[in-house]
Amino acid sequence: MKKKKNFDLGTITGTCVDYTFDGKGIVKTKTKPVFVDALLVGETADIKLNYQKSEMYFGKILKLHNLSKDRIKPLCPVSTACGGCCFQNLDYKAQLKFKQKKVKDAFYKIAHLNVNVDETVGMDDPYFYRNKIQMPIGLNQKKQIVSGFYRTDSHEIIPIKECFIEDKRAAHIIDVLKLLMKKHKILPYDEDTRSGVIRHCLIRTSKYYPEIMVVLVTNADSFPGRGNLVKDLHKECPEITTIVQNVNKRDTNVIIGEKENVLLGKGFIVDELCGVKFQISSKSFYQVNPIQTEKLYRLAIEKAKLTGNETILDAYCGIGTIGLIASKSVKKVIGVEIVKDAIKDAKNNARINGITNVDYYVGDASEFMLDLKNKKQELDVVFIDPPRKGSDKVFMDALMTLKPKKVIYVSCDPSTLARDIQYLSKMYKIDSVTPVDMFPMTFHVETVVALYLK
């Protein structure tokens, strides 16, 4: 992240005309645009100009002169400070419209495609949805143990008593953990001195089963009081079914380390999506919103219009979610993923569900596609669910050589999605574009695009 250039820029009065991709209000000036947290379209405010990055100003609301009809009172008192949510003050219907427009704008500005974008598929209740909670733990200025989220662009922890987008069961567990750390004299990790033990607490919950995993990310392989901490945490929170210690000694922003010790239970939890069971470890990639994930995957499979005779490829397959759910509707599933542990999980998930028409491979998706091309493997449908950076040209060139009849692209980033669809549109026509709100109260959005061979 580039260092901010801080200096006294004074104040302005301006009106918000639009939003940035990450939900900041945009105010136009004669020289540079000003990006303002928590300012909604149509609102006029006195704004303090805090700092400048490149050709942009960043400001803070001093006084609002009028309120948008879409403004609501946030449930969370620190929603504008912690960096986790940007839209708790925006009516949910307006959030869904923002995400629809965000996807449409990405296609128009990046891919130069004026496509029809469906209304965003939203939630009935857009709160308390996250099944994965990860909070840094530290000391405040009074040397009290606190947990919460980092303030935007900083390593300052904003203490959180209750997070309104996370599973309700998590708050009590973290409160008990902090009390027990104090009781057993276990200090949180200090980034400046590189002393202390516990860096983060990660909690994963199951929607369909009474299972909860707690992961203690530590700066040491072992530490005094560990056994008593685990014993007391399970006693006070019997809903916890497994506790894992993850060791991360690196000076890094990456939360999870490589080494793990299972301190209680099996070391994993089980959940279910669309009737298929999945075993989830601390490192497994698993969508954080189980309600919307089922909608997302059902939508992706529905767009493929499967007949039961297809051979499909689940590219970037992770622990096998899309392919295993689709397996009952096709002849054969091939899955590829570069992360070895994910393929191990995918094979195990197939086994525990009794699914036999799947083959999984460890490898780079692009190289795997080239190998399929050389082997003259025929594919009917390819499901693409890449990381945020999207696919690369090697993969897409191989894809277009194989010429599957349908491509279903699931994306978590409208910008890279638009770029990739523009490339694929040389051979494929866009059938539909549907945003799905996996992350209410934030600016993030998933999108499902159905492409059919021209």
Side-chain angles (χ1 to χ4, degrees), residues 75-76 82 84-85 88 121-136 147-149 160 162-177 200-217 233 237-244 246 255-256 260 264-300 318-322 324-325 341-342 345-346 348-349 352-353 385 387-388 410 412 436-442 444-446:
L75 294 182
C76 179
C82 88
C85 298
Q88 282 230 4
V121 178
M123 296 188 73
D124 294 331
D125 180 4
Y127 295 98
F128 301 110
Y129 59 84
R130 285 187 65 98
N131 58 18
K132 180 181 179 183
I133 299 95
Q134 49 192 35
M135 284 196 176
S147 62
F149 294 106
I160 304 289
E162 179 181 26
C163 178
F164 291 88
I165 64 171
E166 294 180 346
D167 191 304
K168 292 181 179 180
R169 295 170 287 182
H172 173 64
I173 292 172
I174 291 175
D175 284 344
V176 170
L177 174 64
H200 281 79
C201 177
L202 187 152
I203 298 173
R204 305 194 81 152
T205 62
S206 172
K207 174 176 170 55
Y208 288 102
Y209 299 92
E211 298 190 12
I212 297 177
M213 172 193 294
V214 173
V215 181
L216 303 176
V217 183
L233 183 58
C237 305
E239 65 272 25
I240 298 172
T241 53
T242 188
I243 299 176
V244 176
N246 178 277
I255 293 173
I256 295 293
E260 290 193 338
L264 175 79
K266 303 172 292 186
F268 61 85
I269 61 173
V270 174
D271 205 359
E272 194 172 295
L273 286 173
C274 304
V276 179
K277 290 182 180 179
F278 292 95
Q279 187 171 295
I280 306 155
S281 67
S282 66
K283 298 178 184 178
S284 296
F285 174 76
Y286 190 71
Q287 294 279 11
V288 300
N289 186 332
I291 294 172
Q292 293 297 95
T293 300
E294 291 193 313
K295 293 180 184 178
L296 178 75
Y297 290 162
R298 285 193 176 114
L299 179 66
I319 63 172
T321 44
I322 293 179
L324 291 174
I325 293 168
D341 286 344
D345 287 342
N348 187 56
N349 288 327
I352 64 178
N353 286 281
D385 190 0
R388 191 169 297 279
V410 180
C412 61
V436 179
D437 188 20
M438 295 284 285
F439 316 100
M441 310 299 145
T442 79
H444 298 290
V445 61
E446 293 270 335

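The chain is numbered in sequence order, starting from 1. Please read all numbers here as calculations on a predicted model, not as lab measurements. All values below come from the heavy atoms of this structure, side chains included, with hydrogens, waters and symmetry mates left out.
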Query - Where I133 and E166 come nearest, the two heavy atoms and their spacing - result: CG2-OE1, 3.0 Å
Query raised in the report: Taking C-beta and beyond as the side chain, do K207 and L273 meet within less than 4.5 Å on heavy atoms?
Result: no
**Report entry** Distance-only donor-acceptor check, side chains Q279 and N348, under 3.5 Å
**Finding:** yes
Report task. Could you tell me which non-hydrogen atom of R204 sits nearest to which non-hydrogen atom of S284, and how far apart they are? Result -> NH1-O, 2.8 Å
Query - Note, V410 side chain near L296 side chain (heavy atom, < 4.5 Å) - result: yes
Report summary line: Closest non-hydrogen atoms of M135 and S147, given as atom of the first, atom of the second and distance, are SD-OG, 4.1 Å
Query raised in the report: Stepwise, does the side-chain contact (heavy atoms from CB on, under 4.5 Å) test hold for Q292 with V436?
Result: CA-CA 7 Å; Q292 293 297 95; V436 179; 3.9 Å; yes
Report summary line: Note: F268 and T242 closest approach over all heavy atoms is O-CG2, 3.8 Å
Query - Residue pair D437, M123: steps toward the side-chain contact (heavy atoms from CB on, under 4.5 Å) verdict - result: CA-CA 7 Å; D437 188 20; M123 296 188 73; 5.5 Å; no
Query - CA sep, side-chain torsions, deciding dist, call: N131, T205, side-chain hydrogen bond (donor to acceptor under 3.5 Å, both in side chains) - result: CA-CA 5 Å; N131 58 18; T205 62; 5.6 Å; no
**Report entry** N246 to K283 - nearest heavy-atom pair and separation
**Finding:** ND2-CE, 4.1 Å
Requested in this report: For the residue pair M213 and S282, establish whether any side-chain heavy-atom pair is separated by less than 4.5 Å.
Outcome: yes
Query raised in the report: Is the shortest heavy-atom distance from the side chain of L202 to the side chain of V214 under 4.5 Å?
Result: no
Query raised in the report: Are Q134 and C201 close enough that some pair of their side-chain heavy atoms sits under 4.5 Å apart?
Result: no
Requested in this report: Would you mind reporting whether E239 and H172 have side-chain heavy atoms less than 4.5 Å apart?
Outcome: yes
Query raised in the report: Among I269, D271, L324, which one satisfies side chain to side chain contact (heavy atoms under 4.5 Å, CB included) with F278?
Result: L324
Report task. Drop me the distance from D167's CG to I203's CD1, to the nearest 0.5 angstrom. Result -> 8.5 Å
Report summary line: CD1 of I212 to OG of S206, rounded to nearest 0.5 Å, is 9.0 Å
Query - Enclosure of K266 NZ (heavy-atom neighbours >12, cutoff 6.0 Å) - result: yes
Report task. Output yes when a side-chain donor or acceptor of K132 lies under 3.5 Å from a complementary backbone atom of Y286, and no otherwise. Result -> no
Report task. For side-chain contact (heavy atoms from CB on, under 4.5 Å), just list the numbers for I322 and D385, CA-CA rounded to whole Å, side-chain angles, deciding distance to a tenth of an Å, and then say yes or no. Result -> CA-CA 9 Å; I322 293 179; D385 190 0; 4.0 Å; yes
**Report entry** Heavy-atom closest contact (L75 atom, F164 atom, distance)
**Finding:** O-CE1, 3.4 Å
Query raised in the report: Is there a side-chain contact (heavy atoms from CB on, under 4.5 Å) between I280 and V270 once you walk through the steps?
Result: CA-CA 6 Å; I280 306 155; V270 174; over 6 Å; no
Report task. Rounded to the nearest 0.5 Å, what's the gap from CG on L264 to CG on L233? Could you check? Result -> 8.5 Å
**Report entry** Between OH on residue Y297 and SG on residue C274, distance to nearest 0.5 Å
**Finding:** 9.0 Å
Requested in this report: Establish, from distance only, whether the side-chain atoms of Y209 and E272 form a donor-acceptor pair under 3.5 Å.
Outcome: yes
Requested in this report: Starting at SG of C237, measure out to CD1 of I174 and round the result to the nearest 0.5 Å.
Outcome: 10.5 Å
Query raised in the report: Does C85 offer a backbone N or O that forms a donor-acceptor pair with the side chain of T442 under 3.5 Å?
Result: no
Query raised in the report: Less than 4.5 Å apart, any side-chain heavy atom of F128 and any of C163?
Result: no
**Report entry** Pairwise distance CG(N289) to CE(M438) - rounded to 0.5 angstrom
**Finding:** 5.5 Å
**Report entry** Close side-chain approach of P440 to Y127, heavy-atom, < 4.5 Å
**Finding:** no
